[in-house]
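Input: a single structure, listed below in structure tokens.
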Amino acid sequence: MPDAVFTIAFYQCEGLALNAPTCSALEKDRLYLECITVAFAAIRRVYSSARLLLATNLRDNPPEFGRALDALGVRLVAPRPTCATDASFNSGFPGCLYLLDAMRHIGDMLDPETLLVLLDPDVLLIRDIEPLLRHAEAGGVSALPMPWGLNEDTNGQTRASLSLMRAQWRPELGVSVIRCYGGECYVLSAASLRRVSLAVSSFWAWMLTSRDGIYGRRLTEEHVLSVVLDTLGLEVQDISPWARRIWTSYKRRNVRGDERGLRLWHLPAEKRYGFRRLFHEGARSSWFGGQNDEDFLRLVLRHTNIERSATRRAVEAGKRKLRICLDAAEALVANNEWQTPTN
């Protein structure tokens with residue numbers, strides 16, 4: 001099988017992280033770096049010779065993360081932020097459009113036959129993803145479809161609005177309802193990536209000049225790539241048999257009980273605690289080196305809320321809220337913003 005490159009994109013920017021509540025920008029960066037380190041360690045456990053790339057504008061890695069990423073053989077690249085900094089659009093997920101900049105940059109630096117795996121920072125590789133790599137080798141793309149309703153607002157757009165964008169951008173293709181994909185995982189060859197990146201540039205230029213304000217300013221990488229993948233004629237493989245977006249919080253939970261059979265777990269609600277526990281565990285255990293699939297699976301289950309009881313989840317949800325309040329108080333004290341009441 002051709003060379004495989006696993007890439008995570010992280011754009012350091014101001015703004016809240018909706019799935020990662022924190023009280024400071026520094027804490028947000030640390031939280032994401034912990035996720036990224038754990039994600040790369042999980043990949044390295046399975047693919048010992050794969051190339052690992054972190055696409056980021058982050059200039060100063062805290063030492064503990066720099067040492068960990070060096071130990072895992074992660075190379076840092078710095079794509080020029082074009083989409084990510086375009087003030088024409090915004091998103092509830094600051095920096096998400098940086099993935100489009102990373103795709104363009106990486107597509108230009110890889111040989112066409114190289115296989116590329118693009119992952120979110122909070123995606124864990126539980127075991128090998130050979131079915132996805134084989135599909136990419138054959139010229140296809142693998143992605144995770146999203147069950148969005150036709151008129152369901154998802155971060156500022158709907159399937160209907162995205163389908164209309166596609167029909168107006170490429171009228172020769174006719175009118176049809178597109179399929180939407182999540183941004184957590186794309187697997188494709190570098191040759192296919194270049195086609196996707198060229199189409200993204202074309203669509204972006206059209207949106208800037210032809211949208212006339214009718215679609216609003218809310219745009220994410222999921223919106224853009226869903227439109228683009230629908231136009232290129234690439235065979236997009238549904239990765240639902242192997243991957244899932246798993247919500248594990250007390251208020252939002254979709255655990256089915258069959259997660260052990262999956263190969264990729266996207267864990268958006270585990271950024272603050274599950275990944276943090278795994279980061280400290282990895283630092284103590286040579287980043288999961290030598291663990292087989294079952295050992296690693298047990299470790300992840302022990303440190304996340306996937307199989308925990310409802311009572312335990314409720315207690316830990318309360319503890320998390322208390323921790324957030326305490327962190328906020330500590331930040332106020334550290335910034336000299338705490339005022340003692342006076343009579």
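W148 places a side-chain heavy atom less than 4.5 Å from the side chain of E222. For the pair V123 and C185, the minimum side-chain heavy-atom distance is 4.5 Å or more. Proximity of L225 to Y181: side-chain heavy atoms (C-beta onward) are nowhere separated by under 4.5 Å. Between V5 and V117, the closest side-chain pair of non-hydrogen atoms is not below 4.5 Å. L162 is listed as a side-chain neighbour of M165, based on a closest heavy-atom distance under 4.5 Å.
Between D258 and R244, at least one side-chain N (NZ, or NE/NH1/NH2) sits under 4.0 Å from a carboxylate O, which counts as a salt bridge. Between E330 and R323, at least one side-chain nitrogen of the basic residue sits less than 4.0 Å from a carboxylate oxygen of the acidic one, meeting the salt-bridge criterion. The pair R298-E281 does not count as a salt bridge, with every side-chain nitrogen at least 4.0 angstrom from each carboxylate oxygen. Of the charged side-chain nitrogens involved, none lies within less than 4.0 Å of a carboxylate oxygen, so that D70 and R67 do not count as a salt-bridged pair. By the 4.0 Å N-to-carboxylate-O rule, D327 lies close enough to R272 to be salt-bridged with it.
Residues F279 and F65 bring their aromatic ring centres within 6.0 Å.
Side-chain contact annotation: S202 with W169, donor-acceptor N/O pair under 3.5 Å present. Side-chain N/O atoms of Q168 and Y215 include a donor and acceptor closer than 3.5 Å.
Not one N or O on the side chain of R217 forms a donor-acceptor pair closer than 3.5 Å with the backbone of N90. Panel note: side chain R195, backbone L232; a donor-acceptor pair is recorded below 3.5 Å. Judged by distance alone, the side chain of Q291 and the main-chain N or O of G289 form no donor-acceptor pair under 3.5 Å.
Ring geometry for F10 versus Y32: interplanar angle under 30°, hence parallel rather than tilted (30 to 60°).
Considering D295, D128, D293 in turn, D293 is the only one that fulfils the salt bridge (Lys or Arg N to Asp or Glu O under 4.0 Å) rule with R45.
Looking at every heavy atom in both residues, R253 comes nearest to N305 through NH1-O, 2.8 Å.
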